[in-house]
Amino acid sequence: MTCPQPLRIGEILQKAKAVIPSIDQATVYRNIKRLVEQGWLLKITHPLAGTMYERSGKEHHHHFYCRKCDSVFELPGCGINDEHVALAGMTVEDHEVFFYGVCHECSQHLQRT
Ligand SMILES: [Zn+2]
Ligand SMILES: [Zn+2]
């Protein structure tokens with residue numbers, strides 16, 4: 001996997017358990033909450049993938065969701081021009097955009113079959 005991906009709670013739980021097998025879910029949840037409050041982690045609420053977390057402080061970017069394999073990929077950069085989207089008199093401060101489709105791996109699989 002070359003793309004950095006935001007993680008879902010289940011994936012974080014899995015990773016935490018791999019390091020500390022005795023760790024319980026409540027502890028992991030508590031730590032995630034603390035990291036979000038401290039600004040280390042960013043909570044993303046994705047309309048299809050659900051709640052995800054990623055490291056904060058990254059450059060502005062968007063996410064791509066693969067409908068086939070249920071994976072989320074980070075898309076670097078942004079092609080959206082806030083000023084072009086806004087109507088006269090509006091000041092756009094931020095935006096959130098999610099892309100959907102079929103990822104590279106699934107596209108290849110589709111071509112083979
Ligand atoms: Zn896929
Ligand atoms: Zn953007």
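In each ligand, atom 1 is the first atom listed, and ligand 1 is the first ligand listed.
- Of the angles at the Zn ion (ligand 1), the one spanning SG of C66 and SG of C106 is 110° when given to 10°.
- Distance check for C78 against the Zn ion (ligand 2): an N/O/S atom falls below 2.8 Å.
- Restricting H95 to its N, O or S atoms, the one at the least distance from the Zn ion (ligand 2) is NE2.
- Centred on the Zn ion (ligand 1), the angle running from C69 (SG) to C103 (SG) is recorded as 120°, rounding to 10°.
- S56 contributes no side-chain N or O that, together with a main-chain N or O of L42, makes up a donor-acceptor pair within less than 3.5 Å.
- Heavy-atom minimum distance, Y100 versus P47: OH-CG, 3.0 Å.
- Rounded to 10°, the angle that NE2 of H62 and NE2 of H60 form at the Zn ion (ligand 2) is 120°.
- Within the 4.5 Å cutoff, side-chain heavy atoms of H95 are placed close to those of I80.
- Listed here is the closest heavy atom pair of E74 and H63: CA-CD2, 4.0 Å.
- No donor-acceptor pair under 3.5 Å is formed between the side chain of Q108 and the backbone N or O of E105.
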